[in-house]
Amino acid sequence: MTGRGGSTPPRLDEQLCFAVYAANRAITRAYAPMLSEVGLTYPQFLVMMALWEEDDRTVSAIGQRLGLDSGTLTPLLKRLERAGFVRRRRDRADERRVRLTLTAAGRELGPRAAKAQRALVCRFGGAPGIEALREALWSLTDRIAAVAE
C-alpha cells in the first residue's frame, strides 16, 4: 500500500463497521412501514418485544436488555405510555425503581406485530439464512464487547 505515511487510508466499503451500520439502517427502513401500521417506531418496537418476552420489568432491566441508557429510554417509554401500550409505576419494594407493564392494548399489539414481522422476514430471504447471520452477529458482538471492556 502506498500513500501518505506509506499506506493508503482505509476504504469505507471494506470496513466491517460500515457494513453493519448500513445493514442496521436498511433493516430499520424495511421495518418502518410495518411498524407504522401498528403505531410504533423501531426503538419502541424493541421495547415492546422486551416486554412481550417478559412483562412487568424495571426500566433499568429493559435498558440493560436493549443496551439503551435512561436518557434514550425515558422519552420512548413516555410515548409508549401516551399511546396506551404500557403503564409505568413505581416499584412497591423500592420507590427508586420504575416498573413497566403492558396494557391490554400493548398485549393485543404483539400478535399483529409478530404477523407483520414474519412477512418481512420472508421478504428478507427466509429464516434459515437470517438465523445463521443472527448467530454470527451475536458472536461478533460478544467478541467486540470482550475487547472493549
Side-chain angles (χ1 to χ4, degrees), residues 10-149:
R11 293 186 46 81
L12 189 58
D13 289 342
E14 294 172 352
Q15 303 305 305
L16 175 63
C17 58
F18 183 63
V20 170
Y21 171 79
N24 178 55
R25 290 188 42 85
I27 288 170
T28 302
R29 280 191 309 272
Y31 268 74
M34 177 269 300
L35 293 174
S36 178
E37 289 178 19
V38 295
L40 297 173
T41 65
Y42 188 74
Q44 291 170 337
F45 178 59
L46 297 178
V47 169
M48 294 300 290
M49 283 197 300
L51 287 169
W52 291 324
E53 283 179 5
E54 181 183 335
D55 196 4
D56 195 14
R57 299 173 84 163
T58 63
V59 170
S60 61
I62 289 175
Q64 284 179 326
R65 177 76 170 104
L66 300 177
L68 297 174
D69 61 41
S70 63
T72 301
L73 195 54
T74 299
L76 288 173
L77 300 178
K78 286 181 178 180
R79 287 191 297 273
L80 286 170
E81 188 173 38
R82 279 194 304 269
F85 297 136
V86 300
R87 194 181 98 208
R88 294 182 304 155
R89 62 177 167 75
R90 293 280 170 194
D91 189 308
R92 288 187 183 127
D94 184 349
E95 294 245 343
R96 295 171 296 179
R97 294 189 310 188
V98 176
R99 300 194 70 82
L100 284 176
T101 55
L102 290 166
T103 63
R107 280 188 297 279
E108 290 169 7
L109 192 60
R112 287 179 47 212
K115 181 180 177 183
Q117 185 182 25
R118 281 191 300 275
L120 190 58
V121 167
C122 288
R123 287 185 22 219
F124 286 169
I130 288 176
E131 289 174 18
L133 179 57
R134 184 185 62 239
E135 292 302 317
L137 287 169
W138 279 120
S139 176
L140 175 65
T141 300
D142 291 344
R143 288 191 312 239
I144 292 170
V147 171
E149 290 177 352

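Computed from heavy atoms alone, side chains included, the values below leave out hydrogens, waters and symmetry copies. Here, residue 1 is the first one in the sequence, and each next residue gets the next number.
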Next item on the list: Could you give me the CA-CA distance, side-chain angles and deciding distance for L100 and L80, then say whether side-chain contact (heavy atoms from CB on, under 4.5 Å) is met?
Entry: CA-CA 10 Å; L100 284 176; L80 286 170; over 6 Å; no
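In terms of the salt bridge (Lys or Arg N to Asp or Glu O under 4.0 Å) criterion, residue partners of E14 (sequence neighbours excluded) are, by chain and number, R11. Evaluation of the salt bridge (Lys or Arg N to Asp or Glu O under 4.0 Å) rule for R82 yields no partner, not counting sequence neighbours. In this structure L109 satisfies the side-chain contact (heavy atoms from CB on, under 4.5 Å) test together with V38, L40, M48, W52, F85, R112, sequence neighbours excluded. Take R65 and apply the side chain to side chain donor-acceptor pair (under 3.5 Å) test, not counting sequence neighbours, and it matches E53. Residues satisfying the salt bridge (Lys or Arg N to Asp or Glu O under 4.0 Å) test with D69, not counting sequence neighbours, are none. When the side chain to side chain donor-acceptor pair (under 3.5 Å) test is applied to D13, no partner is found at least two apart in sequence or on another chain. E81 is linked by a side chain to side chain donor-acceptor pair (under 3.5 Å) to R88, counting only residues two or more places apart in sequence or in another chain. Scanning for side chain to side chain donor-acceptor pair (under 3.5 Å) contacts around R99 gives D56, D91, with sequence neighbours left out. For the side-chain contact (heavy atoms from CB on, under 4.5 Å) test, residues two or more places apart in sequence or in another chain that qualify with R96 are D94.
Remark: R97 CZ to R89 CZ distance equals 10.5 Å, nearest 0.5 Å. Remark: R87 CZ to T103 OG1 distance equals 10.0 Å, nearest 0.5 Å.
In this structure, P75 and S70 approach most closely via the heavy-atom pair CD-O, 4.3 Å. Summarising the geometry of Q44 relative to G39, their closest heavy-atom pair is OE1-O, 4.1 Å, with the distance given to 0.1 Å. Across every non-hydrogen atom of L76 and T41, the tightest pair is CD2-OG1, 4.5 Å. Contact detail for G84 and A105: the closest heavy-atom pair is O-CB, 3.6 Å.
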Do any side-chain atoms of residues 16-36 form donor-acceptor pairs under 3.5 angstrom with protein atoms, and if so which ones, sequence neighbours left out?
residue : atom : partner : partner atom : Å
T28     : OG1  : N24     : O            : 2.9
Y31     : OH   : Q117    : NE2          : 3.0

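Screening residues 133-145 for salt bridge (Lys or Arg N to Asp or Glu O under 4.0 Å), with sequence neighbours left out, gives no hits.
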